[in-house]
Amino acid sequence: MSFSNVLISWYRNNKRDLPWRNTQDSYLIWLSEIILQQTRVEQGLPYYLRFSEKYPNVESFANASEDQILRMWQGLGYYSRGRNMLKTAKVIQRDFNGIFPQAYADLITLIGIGEYTAAAISSFSSNEAKAVVDGNVYRVISRYFGISTPINSTLGKKEFQAIADELLDTKNAGEHNQAMIEFGALQCKPKSPNCSICPFQSSCFAYQHHRINDLPIKLKKLKIRERYFNFFLIDDGDEILIKRRDNTDIWAGLHDLPAIEFPERTELEVLLNHPDFTNWFNDKTVIQKSSKEIKHILTHQRIYARFVHLNNYNPSIIEKNGWLKIKKTQISDYGMPKLISEYLKNFLN
DNA sequence: AATCCGGGGGA
DNA sequence: TCCCCAGGATT
């Protein structure tokens, strides 16, 4: 039994009865595909039913106003899908004689229709031999074949499309595509797939190698944290105060200056009222200078630093906070992040 | 190649 | 919380 044979057999036994599967009307299929982009079937289904009832053909859709479309789209998200559908419907009226195309080459030219949707509409409506690759297909292929190329990398997209093309039952493209998607949605789910009753158990790479939870691999978009540090350059004659950073944060074990951190940009005023500030300093404290904001880029963080120069402090805080009082001439004896050492170097010279 | 666009559901 | 969902357009 080939992969496709097993797949189709599974599909015929397990498929859901969904309204857009009971038609070959490329307009209705288009409607369903756009609604289902990045949207679960259960969430999109009621929208499909309302849209297909109110706009049973592309002409009625094209004659709707954008307000009407967006009102019906309300709550579905990604609203540009609705706006683009209206544009496309008008293009169909004007350039395609009001006949919704079935050919991949035509579909791919339309706004809102990318590779996946063009392959879906063409194969579902006319059995054109184009393989769909959506989130489900990425998952099925990556697990079954043990492909660890990230699915959201350029190379990964090419690689998975090529495998999907290879796998496609070209004589039965529409059903094959539906089956791949349905299998990914119902059986080979992202979390806790039903491997125990899977017809591919013995041939699935991920199942055999216990990699189900590792595949597919997706590049995480690194989220950058923004941090606002106010460093205090506490001038005590020929000495200054520094501190060693703990091991739970950036620059672990290096030395920097006493600091107060905020999660967002703040006025100097806010800093002066911070409890640490009022503990550390006193009435005799004079702010001699405050540097402009210095931006420092790390891989996962953007540091915005401000250096506040002061000349008086409460002596007890040195011991209490575990700070160090060192001679300015000894600064270079201590490992410091570049942000700090550069600033001190410029300041002291 | 990265970022934006969204509401909803599951772990 | 984080991840993912029948992705595509834009920069």
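Since the model is a prediction, treat every value here as computed from it, not as a measurement. Just so it is clear: chains get the letters A, B, ... in the order the sequence lines come, proteins before strands, and each one is counted from 1.
The distance from atom CD1 of A/I34 to atom C1' of B/dG6 is 16 Å, rounded to the nearest whole Å. In this structure, NZ of A/K157 is placed 13 Å from P of C/dA9, rounded to the nearest angstrom. In this structure, CG of A/N152 is placed 9 Å from P of B/dA2, rounded to the nearest angstrom. Rounded to an integer number of Å, the gap from A/I151 CD1 to C/dG7 P is 11 Å. Between A/Q37 atom CD and B/dC4 atom C1' the separation is 15 Å, expressed in whole Å. In this structure, CG of A/L219 is placed 13 Å from P of C/dC3, rounded to the nearest angstrom. Taking atom CG on A/L186 and atom P on C/dC5, their separation rounds to 13 Å, with Å as the unit. Rounded to a whole Å, the CZ atom of A/R139 is 8 Å from the C1' atom of C/dC4.
Side-chain contact, A/R81 with A/T39: a donor N or O sits under 3.5 Å from an acceptor N or O. There is a side-chain donor-acceptor pair under 3.5 Å between A/E159 and A/T149.
Aromatic ring orientation, A/W323 versus A/W280: perpendicular (interplanar angle above 60°, classes split at 30° and 60°).
Nearest-nucleotide assignment on DNA chain C puts the 5′-proximal partner with A/N177, out of A/K87 and A/N177. With DNA chain B read from its 5' end, the first of the two nearest nucleotides for A/S192 and A/L76 is the one closest to A/L76. When each of A/R40 and A/K189 is assigned the nucleotide of DNA chain B bearing its nearest heavy atom, the one mapping closer to the 5' terminus is A/R40.
Here A/Q38 does not reach the OP1 or OP2 of C/dC5: none of its side-chain N or O atoms lies under 4.0 Å away. The shortest distance between the side-chain N/O atoms of A/R81 and the OP1/OP2 oxygens of B/dG6 is not below 4.0 Å. Residue A/T117 has a polar side-chain atom (N or O) positioned under 4.0 Å from OP1 or OP2 of C/dG8.
A/I35 comes within contact range of no nucleotide atom at all, as no heavy-atom separation falls under 4.0 Å. Using a 4.0 Å heavy-atom criterion, one finds that A/E115 contacts the sugar-phosphate atoms exclusively. Residue A/I121 is out of contact with every strand shown, counting any heavy-atom pair closer than 4.0 Å. In this structure, A/W73 reaches neither bases nor backbone, as no heavy-atom distance under 4.0 Å exists between it and the strands shown. Within 4.0 Å of A/R21, counting heavy atoms only, lies at least one base atom of the nucleic acid.
If you take atom P in B/dA11 and the same atom in C/dA6, they sit 14 Å apart, rounded to whole Å. Atom name C1', nucleotides B/dG6 and C/dC2: the rounded distance is 16 Å, in whole Å.
Using a cut-off of 4.0 Å between Lys/Arg side-chain N and Asp/Glu carboxylate O, A/K328 and A/E239 are scored as not salt-bridged.
Residue A/W20 has its side chain nearest to C/dA6 when only C/dG7, C/dA6, C/dA9 are considered. For A/K191, the listed nucleotide lying nearest its side chain is B/dA11; candidates were C/dG8, B/dA11, C/dC4. Picking from C/dC5, C/dA9, C/dA6 the nucleotide with the shortest atom distance to the side chain of A/I111 gives C/dA9.
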Show your working on ring-ring contact (aromatic ring centres under 6.0 Å, His included) between A/H274 and A/F262 and close with a plain yes or no.
CA-CA 10 Å; A/H274 190 280; A/F262 293 93; 5.6 Å; yes
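In terms of polar N and O atoms assigned as donor or acceptor, the side chain of A/Q43 never comes within less than 3.5 Å of the base of B/dG8 in a complementary pairing.
Judged purely by atom type and a 3.5 angstrom limit, A/N127 uses its side chain to pair as donor or acceptor with the backbone of A/G174.
Nucleotide B/dA11 forms a Watson-Crick or G-U wobble pair with C/dT1, both donor-acceptor distances falling under 3.5 Å.
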